[in-house]
Amino acid sequence: MSLSLLSIFALGGLNEVGKNMYAIECEQDIVVIDCGNKFPDESLLGIDLIIPDITYLEKNKDKVKALVVTHGHEDHIGGIAYFLKKLNVPVYATRFTLGLIELKLEEHKLLGDAELIEIDSNSHLAFEDIQVDFFKVNHSIPDCLGIAFRTPQGTIVHTGDFKFDLTPVHHQYADIHKIARIGEEGVLLLLSESTNAERPGFTPSEHIVGEHMEEAFKKATGKVIVSTFASNINRVQQVVDASMKTNRKLALLGRSMVNVVDVAIERGYIQVPEGMFIRAEQINDLPPEKVTILCTGSQGEPLAALARLSNGTYRGVDVYRDDTVILAAGPIPGNEKNVSRIVDNMFALGAKVIYGTGSSTSMHVSGHGYQEDLKWMLTLMKPKYFIPIHGEYRMLHHHCLLAESVGVERENMFILKNGDVVDLEHGEARHTRHVPAGNTYVDGIGVGDVGEIILRDRKQLSEDGMLVIILTMSKTEKKLISPPDLVTRGFVFVKDSEALLRNVNKLITSTVNDMELVGRRSEWNEIKQNLKRAIGQYVYTQTRRKPMILPIIIEV
């Protein structure tokens with residue numbers, strides 16, 4: 001009897017940090033792991049979010065049995081609402097993760113139709129061809145899981161995001177013995193996260209941050225303003241504890257911070273003394289040394305609370321000379337400039353700013369394993385095949401070097417791109433094919449309706465502006481009735497460029513008059529194309545700019 005073909009691929013998370021989405025396919029089952037988003041860089045003008053392209057899953061929707069979520073960070077749950085609009089399958093996640101998912105689905109008015117199923121590390125899921133078990137891992141958010149897929153070919157393990165923290169906050173210890181037992185039973189293929197594969201040593205424990213936080217609060221003479229990821233509940237609890245020990249009230253700024261903390265309190269993940277919270281409008285009623293502000297914006301987001309505090313635009317709340325500002329999160333690659341701008345602004349206001357990682361006063365430790373954590377996982381799992389995931393190419397490459405150092409055969413490792421498929425048959429793995437994968441752009445309420453052509457147009461408009469040519473023409477004689485009108489935006493300042501625009505006007509008139517149009521079909525399109533070509537060439541020779549040229553013809 002031949003074994004079923006087993007396929008593993010990613011639709012996001014490879015050669016990038018963010019929009020994690022992986023899939024295990026075995027005969028009639030496809031189980032999807034995570035559905036995250038990532039935020040656009042400066043080149044993606046107007047785009048709000050980037051989510052995975054799920055074309056392949058839509059084509060095979062009858063096979064998609066479940067979405068299993070490892071934890072509640074945005075790069076793992078941020079695309080779920082958009083996914084469920086296309087594929088309304090059961091979603092399996094831990095208690096806290098479900099709380100965060102519910103917030104998103106409520107915002108999209110999908111909560112009533114979604115099938116959300118709570119799991120924990122002892123849960124077992126059984127589909128037609130795949131059995132699923134779980135194990136606890138440490139990360140920077142509560143209730144994180146790794147996943148073991150039992151298939152006819154063998155066991156496939158997805159680690160989730162992890163580090164090994166032997167003194168975790170909330171006493172959520174990793175299932176090290178269970179991980180070792182899975183490894184002893186035999187792991188055919190391991191998918192393991194690679195975010196910190198370049199960093200030597202072990203990841204520091206969260207407890208270090210709690211000690212540094214308390215010390216900074218004791219030294220502070222004014223308000224203490226702390227910014228972190230809303231989902232970093234461990235850090236939020238440390239801020240609560242430090243505020244309690246220094247007799248401070250706590251105000252939450254930022255919608256996501258308020259929503260996530262509400263979920264965490266409701267589900268028992270944060271313990272807050274009664275009467276500690278105050279509203280933003282009460283901050284100025286108390287002495288500064290009695291106030292802590294916990295806010296969003298640790299990644300430099302221009303509209304988040306921290307940025308608005310730094311430039312003085314947060315209504316009713318000001319930063320003063322004796323205040324202490326703590327950035328309790330490391331910048332995600334690409335956000336460094338925005339974070340630096342906020343730090344500069346805070347220093348300019350006279351505040352004391354504590355930021356950065358790795359120092360003796362650091363207010364952040366990573367939730368992702370360093371090299372020794374990654375080698376520990378590899379050693380416990382002892383996989384035959386290895387696919388590094390969750391990282392840019394250099395991270396995946398370094399993770400393979402670590403795997404080789406602990407005994408994984410070089411020819412048994414696969415550095416993949418999104419959409420690359422590893423097929424396993426008779427216990428042997430090969431990479432020979434590809435499924436559709438890429439980016440889906442979310443722009444306002446539009447999902448997937450903005451493509452490369454629109455982005456190229458936006459880029460052109462942002463760099464060289466536009467030149468609108470309005471022609472009033474006779475419908476019967478196909479001739480200009482009046483001189484062309486020109487409208488420019490972002491191209492040239494009209495008062496300083498009158499000679500240029502006069503010459504453009506003459507060129508438009510001569511180009512149109514030289515065309516033989518009567519009796520021709522599609523003549524208006526021909527006029528537009530000729531004008532774009534002629535005016536574009538002339539403008540470039542005169543200005544070295546390439547504005548978007550938009551001819552508009554009014555028939556009379």
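This chain uses plain numbering: 1 for the first residue, then up along the sequence.
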>> Donor-acceptor check, side chain of Lys178 to backbone of Phe134, threshold 3.5 angstrom: yes or no?
In response: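 Confirmed, Lys178 side chain pairs with Phe134 backbone.
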> Can you check whether Glu301's main-chain N or O pairs, donor with acceptor, with Asn338's side chain at less than 3.5 Å?
Replying inline: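 Judged by distance alone, no pair lies under 3.5 Å.
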For the residue pair [X] and [Y], what are the closest heavy atoms and their distance?
X	Y	value
Ile176	Leu166	CD1-CD2, 4.2 Å
Phe491	Met466	CB-O, 3.8 Å
Met21	Asp34	CG-O, 3.3 Å
Gly72	Leu100	O-CD1, 3.4 Å
Cys295	Ile225	SG-CG2, 4.1 Å

Any heavy-atom pair between the side chains of [Y] and [X] that's under 4.5 Å?
X	Y	value
Thr159	Val137	no
Met257	Val261	yes
Arg308	Arg315	no
Phe149	Ile33	yes

>> Are Phe96 and His71, when compared by the centres of their aromatic rings, separated by less than 6.0 Å?
In response: no
>> Counting the benzene-type ring for Trp, do His390 and His76 have ring centres under 6.0 Å apart?
In response: yes
>> Tell me whether the count of non-hydrogen atoms from other residues, nucleotides or ligands lying under 6.0 Å of OH in Tyr393 goes above 12.
In response: no
> In terms of side-chain heavy atoms, does Gln172 have a donor or acceptor partner in Asp143 at a distance below 3.5 Å?
Replying inline: yes
> When rounded to the nearest 0.5 angstrom, what distance separates OG1 in Thr94 from CD1 in Ile101?
Replying inline: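 Rounded to the nearest 0.5 Å, the OG1-CD1 separation comes out at 8.0 Å.
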>> Restricting to side chain to side chain donor-acceptor pair (under 3.5 Å), what partner residues turn up for Ser298, sequence neighbours left out?
In response: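 In terms of side chain to side chain donor-acceptor pair (under 3.5 Å), with neighbours along the sequence ignored, Ser298 is linked to no residue.
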> Which residue, Leu191, Ile179, Leu190, Asp133, forms the side-chain contact (heavy atoms from CB on, under 4.5 Å) with Val157?
Replying inline: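 For Val157, the side-chain contact (heavy atoms from CB on, under 4.5 Å) test succeeds with only one of Leu191, Ile179, Leu190, Asp133, which is Leu190.
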